[in-house]
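One structure is given below, encoded as structure tokens.
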Amino acid sequence: MTQTTKRQRGRPPRAEEETRRGLLLSAMNVLLESGYEGATMEAIAKRAGVAKKTAYRYAANREELIGLAVRQWTDEYAPSMQTDPKDAGDVVQALRAILESICTHVLSETAVAFFRLLTTEFPGKRELLERYEHNGIERGRVMLSGWLEKQSRKGLLHAPEPALLANAILAVAVAEPLRQIAIGVRCPQPEGSVASHLDDCMKVFSLLVVEPSRPALQSGLPGA
């Protein structure tokens with residue numbers, strides 16, 4: 001049997017991806033609307049318009065499916081980490097674009113609602129926290145750390161401890177607006193905007209990542 005014949009008989013890759021994305025969206029929506037106990041595999045599959053056995057093709061249980069939904073957020077901003085600045089003058093602008101992409105996904109109404117849920121008590125909280133940490137926070141931290149390390153090796157910025165620098169950058173640029181949105185003093189994206197917050201962050205970060213032997217990098221932002 002040829003490879004072409006196999007593809008014709010199987011489910012088209014695009015349909016598979018649409019089914020997967022639909023299930024992940026359904027998993028998060030059902031969880032936020034019906035709570036942990038109501039977010040059964042049957043309820044998630046029904047919301048997505050597929051058979052329950054189809055849902056089990058993608059994940060062994062609801063926790064895994066919800067974890068994959070969180071991972072989808074990091075998948076969506078991962079391409080921004082492929083930015084490859086050519087010189088030191090582009091580094092701060094590239095970093096700002098990365099942080100803006102991260103904020104777009106992790107400060108959305110859905111992501112914030114999930115974060116709020118994790119601050120409450122429910123039977124599956126521990127496992128969902130672990131999924132959130134592994135697929136969201138830690139994965140984003142590792143990706144940003146890798147990008148910083150790459151730019152440091154190229155001599156475009158100063159990052160002798162890229163993992164620590166990534167932690168600090170994400171804590172200031174992302175975790176703080178997430179806290180503000182979660183307690184209701186700032187609106188989620190896209191209604192809310194973190195543009196001015198990121199502008200202020202970049203003024204500080206440009207001082208942190210500059211090579212000691214170079215003058216401070218210009219962020220290209222108003223008032224910089």
Smallest heavy-atom separation, Cys103 atom then Val174 atom, equals SG-CG2, 4.1 Å
Hey, quick one: are Leu25 and Leu31 part of the same hydrophobic cluster, counting side-chain heavy atoms closer than 4.5 Å, chains of contacts allowed?
no
Between Glu100 (side chain) and Arg96 (backbone), is there a donor-acceptor pair under 3.5 Å?
no
Any chain of hydrophobic side-chain contacts (each under 4.5 Å) joining Ile102 to Leu208?
yes
Would you call Glu16 and Arg57 a salt bridge, taking side-chain N to carboxylate O under 4.0 Å as the test?
yes
Would Asp75 and Arg139 satisfy salt bridge (charged side-chain N to carboxylate O under 4.0 Å, His left out), going step by step from the backbone distance to the final call?
CA-CA 10 Å; Asp75 284 344; Arg139 189 172 183 229; 2.6 Å; yes
So, using ring pair (Phe, Tyr, Trp, His ring centres under 6.0 Å) as the criterion, who are the partners of Tyr77 when residues are at least two apart?
none
Heavy-atom donor-acceptor pair, His197 side chain to Ala173 backbone, under 3.5 Å:
yes
Is a side-chain donor or acceptor of Thr19 paired with a backbone partner of Ala15 at a separation under 3.5 angstrom?
yes
Just by distance, do the side chain of Ser152 and the backbone of Leu148 share a donor-acceptor pair under 3.5 Å?
no
Does any N or O in the side chain of Ser26 come within less than 3.5 Å of the main-chain N or O of Ile44, such that one atom is a donor and the other an acceptor?
yes
Stepwise, does the side chain to side chain contact (heavy atoms under 4.5 Å, CB included) test hold for Arg131 with Val70?
CA-CA 8 Å; Arg131 303 277 181 176; Val70 173; 5.9 Å; no
Leu178 backbone acceptor or donor facing Arg186 side chain under 3.5 Å:
no
Might you work through the side chain to side chain contact (heavy atoms under 4.5 Å, CB included) test for Leu117 and Phe115, ending with a clear yes or no?
CA-CA 5 Å; Leu117 176 66; Phe115 176 81; over 6 Å; no
Can you get from Leu164 to Met143 by hopping between Ile, Leu, Val, Met, Phe, Trp and Tyr side chains that sit under 4.5 Å apart?
no
So does Met41 get a backbone contact from the side chain of Lys52, meaning a donor-acceptor N/O pair under 3.5 Å?
no
Taking Trp147 for its side chain and Asp84 for its backbone only, find out whether a donor-acceptor pair lies under 3.5 Å.
no
Evaluation steps, salt bridge (charged side-chain N to carboxylate O under 4.0 Å, His left out), between Glu42 and Arg47:
CA-CA 9 Å; Glu42 182 175 4; Arg47 175 69 171 267; over 6 Å; no
Please walk me through it: do Glu18 and Arg21 pass salt bridge (charged side-chain N to carboxylate O under 4.0 Å, His left out)?
CA-CA 5 Å; Glu18 289 175 354; Arg21 291 181 70 89; over 6 Å; no
In terms of side-chain heavy atoms, does Tyr36 have a donor or acceptor partner in Glu63 at a distance below 3.5 Å?
yes
